[in-house]
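Letters go in sequence order (proteins before strands), and every chain restarts at 1. Basis for what follows: all heavy atoms, side chains included, without hydrogens, waters or symmetry-related copies.
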There are 2 protein chains.
Amino acid sequence: MIGRLNHVAIAVPDLTAAAEQYRTTLGAKVGAPQDEPDHGVTVIFIELPNTKIELLYPMGDDSPIKSFLDKNPSGGIHHMCFEVDDILAARDQLKAQGARVLGSGEPKIGAHGKPVLFLHPKDFNGTLIELEQI
Amino acid sequence: MIGRLNHVAIAVPDLTAAAEQYRTTLGAKVGAPQDEPDHGVTVIFIELPNTKIELLYPMGDDSPIKSFLDKNPSGGIHHMCFEVDDILAARDQLKAQGARVLGSGEPKIGAHGKPVLFLHPKDFNGTLIELEQI
């Protein structure tokens, strides 16, 4: 069911400093900041030859990233995103196998303009998994 | 400097169950367990079309994964690994820019039989970064 790893998302306490570190210290290709008010985040994508790193920074007071950074002040890996062909079919198959889908269970439009869903980390070895329909 | 994302490593509390979940629930291609006594881990690689997931389970009493699982009993994302062309050049460049290399600073042979180094998570937004020479 899962296809490519679309990205690994890292919550960072200083978006500008993190982007600059990936650009200069690690020598990677770093994009421009994008505000995603529906998700409560500002993101910067780092393009690697085979996948992306998504730097996440809180946008707004009820950002889900804010509480993550309160618990992890230095930042940390927040989630990873797998691509699926059909997100509703994937959701139904996962739910039938007992996996919990976060929120309403209906896909939202993610940072790439594609439908996304998140799976409960307790059902997947403590890892927050995003599914994105390609 | 950094190239492809070679893998994302997830520490898991039950290696067999995690492998079975990736195989059946998530429909991914799952390899056989490999013991890595030099690193104190047993690993299973999951092959995605563009990268790999490395499931990590403690091997031996002083495994670095054991203390991670003590703190994160459900498991969690442990590190991510970037490929580099020349690990000694990468190390020297990173150290010159103030990044800390873990351990002796000399590369060890990793789970793929290639030289690897780890960078201090406090220097990289709370993320443990492995560099692997390809």
Side-chain angles (χ1 to χ4, degrees), chain A residues 1-15 17-19 21-22 24-29 46 48-53 55-57 68-69 71-80 82-84 90 93-94 96-99 119-129 131, chain B residues 1-15 17-19 21-22 24-29 46 48-53 55-57 68-69 71-80 82-84 90 93-94 96-99 119-129 131:
Chain A
M1 176 208 297
I2 57 171
R4 296 173 74 256
L5 179 76
N6 187 278
H7 62 266
V8 177
I10 302 173
V12 301
D14 182 333
L15 189 59
Q21 183 181 50
Y22 271 85
T24 58
T25 310
L26 292 171
K29 187 177 170 191
I46 293 157
L48 302 178
N50 61 330
T51 188
K52 294 187 288 282
I53 304 292
L55 302 179
L56 294 174
Y57 186 77
F68 183 90
L69 285 172
K71 280 179 226 139
N72 305 276
S74 308
I77 298 178
H78 184 263
H79 69 264
M80 57 183 177
F82 297 127
E83 298 178 358
V84 294
Q93 189 179 327
L94 286 162
Q97 291 177 83
L119 306 179
H120 200 303
K122 290 224 168 136
D123 295 339
F124 291 93
N125 306 295
T127 63
L128 179 58
I129 292 177
L131 298 180
Chain B
M1 177 208 295
I2 57 171
R4 297 173 73 255
L5 179 74
N6 187 278
H7 62 267
V8 177
I10 302 173
V12 301
D14 182 331
L15 189 60
Q21 183 182 49
Y22 271 85
T24 59
T25 310
L26 293 171
K29 187 177 169 190
I46 293 157
L48 303 177
N50 61 330
T51 188
K52 295 187 286 284
I53 304 292
L55 301 179
L56 294 175
Y57 186 77
F68 182 90
L69 286 172
K71 281 181 223 136
N72 305 275
S74 307
I77 298 178
H78 183 264
H79 68 266
M80 55 184 179
F82 297 126
E83 297 177 358
V84 294
Q93 189 178 327
L94 286 162
Q97 292 178 81
L119 306 179
H120 201 303
K122 290 223 167 136
D123 295 338
F124 292 93
N125 307 293
T127 62
L128 179 59
I129 292 177
L131 298 179

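Of the listed residues (B:Lys122, B:Gln93, B:Met80), the greatest number of heavy-atom pairs within a distance under 4.5 Å of chain A belongs to B:Met80. The candidate with the highest count of non-hydrogen atom pairs below 4.5 Å against chain A, out of B:Thr25, B:Leu119, B:Val8, B:Leu131, is B:Thr25. Between chain A and the residues B:Lys29, B:Met1, B:Arg4, the most heavy-atom pairs under 4.5 angstrom are made by B:Arg4. Ranked by heavy-atom pairs under 4.5 Å with chain B, the list A:Gly27, A:Pro13, A:Pro49 is led by A:Pro49. Across A:Val12, A:Ile2, A:Asp123, the residue that shares the most heavy-atom pairs under 4.5 angstrom with chain B is A:Ile2. The greatest number of non-hydrogen atom pairs below 4.5 Å with chain B, out of A:Gly126, A:Ala28, A:Ala96, A:Ala99, is found for A:Gly126. Chosen from B:Val84, B:Leu26, B:Leu94, B:Thr51, the residue pairing most often with chain A at heavy-atom distances under 4.5 Å is B:Leu26.
Only the side chain of A:Ile10 comes within contact range of chain B, with at least one heavy atom under 4.5 Å from a heavy atom of that chain. Looking at B:Leu5, both its backbone and its side chain come within 4.5 Å of chain A, counting heavy atoms on both sides. For chain A, the nearby part of B:Ile129 is the side chain; its heavy atoms alone come within less than 4.5 Å. The contact between A:Phe82 and chain B is made entirely by side chain atoms (from C-beta outward), counting heavy-atom distances below 4.5 Å. For B:Ile53, the part lying near chain A is the side chain, with the backbone staying farther off; criterion is any non-hydrogen pair under 4.5 Å.
Annotation: side chain of B:Asn125 is not in contact with side chain of A:Ile77 (no heavy-atom distance under 4.5 Å).
At distances below 3.5 Å, not a single donor-acceptor pair connects side-chain atoms of A:Gln97 with backbone N or O atoms of B:Gln21.
By the side chain to side chain contact (heavy atoms under 4.5 Å, CB included) test, A:Phe68 is found to be paired with A:Ala11, A:Asn72, A:His78, residues two or more places apart in sequence or in another chain being considered.
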